Protein chains: 2
Amino acid sequence: MRIGELGQATGVDIETIRHYEKIGLLSPPAREANGYRNYDAAHVERLAFIRHCRALDMPLAEVKRLLDFVAHPEADCGDINRLIEEQLGRVRERLSSMQALEKQLVALRARCGENHTARECGILHELVAASHEPEGRQR
Amino acid sequence: MRIGELGQATGVDIETIRHYEKIGLLSPPAREANGYRNYDAAHVERLAFIRHCRALDMPLAEVKRLLDFVAHPEADCGDINRLIEEQLGRVRERLSSMQALEKQLVALRARCGENHTARECGILHELVAASHEPEGRQR
DNA sequence: GAACACCCTGTAGCGGCTACAGGGTCAAGG
DNA sequence: CCTTGACCCTGTAGCCGCTACAGGGTGTTC
């Protein structure tokens, strides 16, 4: 199958498919006489796997590691557990910072209900005032 | 004050400060005879404001819009409200997708408790199997 | 023979930094 | 006087994961 069909089949943009090949995530397919890429069922599988991992927000480097496990099924799977654990840790960290963020934004929004001039806007005042506090050194 | 002091005072990396200047977010400061940047209190204020907005995860483009309001306090603040509302919307969207993600990862982790070979790893099996389902077309 | 849908390579851009390379400035110490 | 060291300068390239071209080729249909 050609790149367009593969894209259709997996819901992945063809530019993204070529990108995955370029960075060595998807193995280079056979070529037709005219140079067009020609994919087989294994590629569909592999690409779907990649997209599923991406849907879990894994960095491509981790996806690569997982693909290596798929390719070497005799390896110990302890690393797989660790990888998932790490990913979960990352997600939870972001989750809790997002929650804190939401709170702050809600509080901020409450500072200005009506339309005044910016000079009188509670939101702007709050933002300016808040930036005067040290607020725990940034990332 | 020189760039190093400004960085100290605000907790911002000096490379980041120069970066903000380059993209037009922080106004170019005066220069000493030797070419060194020389900042004043207004710069400290402005930079702290930027960092506070960034801590709320606002894109720099939005921060720029807010800074325009600070500079033109006679403007109507309706846009400020809208800006915060939009930001809140973005954060909430990401929040809910992160939550879904966490669930999936927890479920995935439960599929493999002990060390086997990768061939027998429930996590890997699950990932491969899951990628066979259509799973709602990707971004 | 022209329009169209598809494919190719290669490069540049996004955001928000971060990290150099390769230089200049200036005070303190030997 | 010279070196060391801390600081500063400009400019460019890299990170991630795409996305969007530019500028071409291929292959079927009217």
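If you're wondering where the values come from, they're calculated on a predicted model, not measured in any experiment. First the proteins, then the strands, lettered A, B, ... as listed; each starts at 1.
- Under the 3.5 Å distance criterion, with hydrogens and angles disregarded, no donor-acceptor pair is assigned to the side chains of A/Y39 and A/R46.
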Q.
Run the salt bridge (charged side-chain N to carboxylate O under 4.0 Å, His left out) test on A/E62 and A/R65 for me, step by step, so that the C-alpha distance in whole Å, both residues' side-chain angles and the decisive distance to 0.1 Å come before the verdict.
A. CA-CA 5 Å; A/E62 308 257 292; A/R65 280 170 63 197; 3.1 Å; yes
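- Across the protein-nucleic acid pair, B/I17 atom CD1 and D/dC9 atom P stand 10 Å apart, rounded to whole Å.
- Using a 4.0 Å cut-off, no side-chain N or O of A/R2 falls inside it from OP1 or OP2 of D/dT26.
- Ranked by how close their nearest DNA chain D nucleotide is to the 5' end, B/N38 and A/P59 are led by B/N38.
- At least one donor-acceptor pair closer than 3.5 Å links the side chain of A/H43 to the backbone N or O of A/S27.
- Counting to the nearest Å, the C1' atom of D/dC16 and the CZ atom of A/R90 are 13 Å from each other.
- Minimum heavy-atom separation, A/I123 to A/R111: N-CB, 3.9 Å.
- Listed candidates were D/dG17, D/dG11, C/dC17. Nearest to the side chain of A/L60 is D/dG17.
- Spacing between atom CG of A/N34 and atom C1' of D/dG24 amounts to 14 Å, rounded to whole angstrom units.
- Atom CD1 in A/I23 sits roughly 16 Å away from atom P in C/dT9 (whole-Å rounding).
- Nearest-nucleotide positions on DNA chain C place B/R18 closer to the 5' end than the other of B/A33 and B/R18.
- Contact annotation: B/R37 does not reach the phosphate of C/dT25 (side-chain N/O to OP1 or OP2, under 4.0 Å).
- Taking only side-chain nitrogens and oxygens, B/R54 never comes nearer than 4.0 Å to OP1 or OP2 of C/dG15.
- Within the structure, every side-chain polar atom (N or O) of A/T16 is placed at least 4.0 Å from both OP1 and OP2 of D/dG17.
- To the nearest angstrom, P of C/dG24 lies 12 Å from OH of B/Y36.
- Side-chain N/O atoms of B/R31 include one lying less than 4.0 angstrom from OP1 or OP2 on D/dT10.
- Of the candidates D/dC21, C/dT18, D/dC18, the closest approach to any side-chain atom of B/H19 belongs to C/dT18.
- Summarising the geometry, the separation between NZ on B/K64 and C1' on C/dG15 is reported as 12 Å, rounded to the nearest angstrom.
- Nearer the 5' end of DNA chain C, as judged by each residue's closest nucleotide, is the contact made by A/G4, out of B/M58 and A/G4.
- Salt bridge A/R94/A/D57: present, at least one basic N to carboxylate O contact under 4.0 Å.
- Rounded to a whole Å, the CD1 atom of B/I50 is 16 Å from the P atom of C/dG15.
- In this model, no side-chain donor or acceptor of A/Y20 finds a partner on the base of D/dG17 within 3.5 Å.
- Residue B/E32 places no side-chain atom within donor-acceptor reach of the base of C/dC26, judged by atom type and a 3.5 Å distance cut-off alone.
- Atom NZ of B/K22 is separated from atom P of C/dC17 by 13 Å (rounded to the nearest Å).
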